[in-house]
K.L.:
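Here it is, the structure in full.
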Amino acid sequence: MVDDHSIVVLRRRDLPADTESLARFLIGKSLVRETAEGRLSGRIVEAEAYPPGDAAGHAFRGLTESNRSLFLEHGHAYIYFAYGSSYMMNVSAERAGIGAGVLLRAVEPLEGIPLMERRRNTERLVDLCRGPGRLARSFGIDKGLDGLDLCKGGPLWLGSAARPTGVVGTSVRIGISQEKERPLRFFERGNHFMSGPLRLRG
DNA sequence: TATGCGATATTCT
DNA sequence: GAATATCGCATAG
């Protein structure tokens with residue numbers, strides 16, 4: 001049984017305001033979603049940094065209507081729709097006015113697993129939140145949550161670690177065509193709930 | 001396990 | 001019109 005009372009909302013001053021540091025920091029922390037049907041939560045086990053000036057980042061070409069949340073003060077949600085099928089969630093990662101984000105790629109489910117199974121239409125635990133699109137689907141994350149302050153404890157927030165975090169590994173990022181050699185993907189080594197090919201999981 | 005493919009909608013060129 | 005920070009299914013080894 002998970003002791004969810006041990007999870008508290010992360011304060012903004014606890015979050016590094018540097019993209020790469022934030023991505024590493026978020027491994028092992030909690031993602032919590034409060035819905036009318038109950039609470040969903042999980043441990044963040046995989047994330048990627050898209051720092052300022054990164055050609056693979058959505059903020060690279062400057063502020064637009066669709067990417068404006070990336071320019072919010074660190075700790076806000078940037079959510080977008082990709083490939084006609086998947087929502088994806090980022091955490092804005094720098095000071096206000098600087099466009100950068102951390103893409104949450106995988107979560108180890110803790111609370112609300114039956115609801116995730118219904119949303120995803122599968123009972124395979126390891127597949128519920130493995131991959132950015134699946135994660136968003138399980139958690140009921142969509143464009144309506146874009147721009148939300150994740151340090152406020154609303155419908156979606158970042159929480160402290162539910163249990164001790166393992167060793168954090170790094171690798172290149174997944175699914176991009178620009179700046180593909182940079183080691184900006186972070187994950188909890190040995191965790192079974194991350195996405196990507198096996199060679200990038202150790 | 002790895003690779004390849006189509007589906008799908010939004011954004012930018 | 002092209003590209004895309006993906007997914008699920010098919011097939012081969």
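First the proteins, then the strands, lettered A, B, ... as listed; each starts at 1.
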K.L.:
Output the rounded distance in Å from CZ (A/F60) to P (C/dA3).
P.N.:
18 Å
K.L.:
How many whole angstroms separate atom CZ of A/R137 from atom P of C/dA5?
P.N.:
20 Å
K.L.:
Provide, to the nearest angstrom, the distance between the NZ atom belonging to A/K180 and the C1' atom belonging to C/dT4.
P.N.:
13 Å
K.L.:
Could you work out, with side-chain contact (heavy atoms from CB on, under 4.5 Å) as the rule, every residue matching A/E94, not counting sequence neighbours?
P.N.:
A/D18, A/T19, A/P52, A/I98, A/A100
K.L.:
Touch check for A/L103, heavy atoms < 4.0 angstrom, all strands: base, sugar-phosphate only, or nothing?
P.N.:
base
K.L.:
Would one find a side-chain N or O of A/S85 under 4.0 angstrom from OP1 or OP2 of B/dA9?
P.N.:
no
K.L.:
With a non-hydrogen cut-off below 4.0 angstrom, is A/R134 in contact with a base, only sugar-phosphate, or nothing?
P.N.:
sugar-phosphate
K.L.:
Can you check the A/N121 CG to C/dC7 P distance for me, whole Å?
P.N.:
16 Å
K.L.:
How would you label the contact of A/R120 with the nucleic acid (heavy atoms, under 4.0 Å): base, sugar-phosphate, or nothing?
P.N.:
sugar-phosphate
K.L.:
Mind checking A/A56 for me? I need base, sugar-phosphate or nothing, with any heavy atom below 4.0 Å counting as a touch.
P.N.:
base
K.L.:
Quick one: on DNA chain C, does A/R130 or A/S177 contact a more 5' nucleotide (nearest heavy atom)?
P.N.:
A/S177
K.L.:
From C-beta outward on A/R105, which listed nucleotide comes closest to its side chain: C/dT6, B/dA2, B/dT10?
P.N.:
C/dT6
K.L.:
When you look at A/H58 and A/Y80, which way does the ring-ring contact (aromatic ring centres under 6.0 Å, His included) test go after all the steps?
P.N.:
CA-CA 10 Å; A/H58 287 189; A/Y80 67 97; 4.5 Å; yes
K.L.:
Looking at C/dA5, which nucleotide sits across from it as a Watson-Crick or G-U wobble partner, both distances under 3.5 angstrom, or is there none?
P.N.:
none
K.L.:
Write down the distance between CZ (A/R124) and C1' (C/dG8), rounded to a whole number of angstrom.
P.N.:
13 Å
K.L.:
Is A/F81 stacked on the base of B/dA9 when the test is centres under 5.5 angstrom and planes under 30 degrees?
P.N.:
no
K.L.:
Nearest-Å distance, CG (A/L104) to P (C/dT6)?
P.N.:
13 Å
K.L.:
Taking the side chain of A/P132 as heavy atoms from C-beta outward, which of B/dA2, B/dC12, C/dT6 is closest to it?
P.N.:
C/dT6
K.L.:
Think A/S86 has a side-chain N or O under 4.0 angstrom from the OP1 or OP2 of B/dT8?
P.N.:
no
K.L.:
Answer yes or no: is there an ion pair linking A/R124 with A/E117, defined by an N-O contact shorter than 4.0 Å?
P.N.:
no
K.L.:
Nearest to the side chain of A/S66 - B/dA9, B/dA2, B/dT11?
P.N.:
B/dT11
K.L.:
When the distance from CG of A/D127 to C1' of C/dC9 is rounded to whole Å, what number comes out?
P.N.:
13 Å
K.L.:
Side chain of A/Y83, base of C/dA5: donor and acceptor closer than 3.5 Å?
P.N.:
no
K.L.:
Using a heavy-atom cut-off of 4.0 Å across all strands, would you classify A/R173 as base, sugar-phosphate, or nothing?
P.N.:
nothing
K.L.:
On the ring face of A/F139, is A/R134 found with NZ or CZ under 6.0 Å from the centre and within 45° of the axis?
P.N.:
no
K.L.:
Check for a donor-acceptor pair, side chain of A/R185 on one end and backbone N or O of A/R173 on the other, with a separation under 3.5 Å.
P.N.:
no
K.L.:
If I take atom CG in residue A/L200 and atom P in nucleotide B/dT1, what distance separates them, rounded to the nearest angstrom?
P.N.:
14 Å
K.L.:
Would you call A/R39 and A/E34 a salt bridge, taking side-chain N to carboxylate O under 4.0 Å as the test?
P.N.:
yes
K.L.:
On DNA chain B, compare the nucleotides closest to A/G84 and A/N67; which residue's is nearer the 5' end?
P.N.:
A/G84
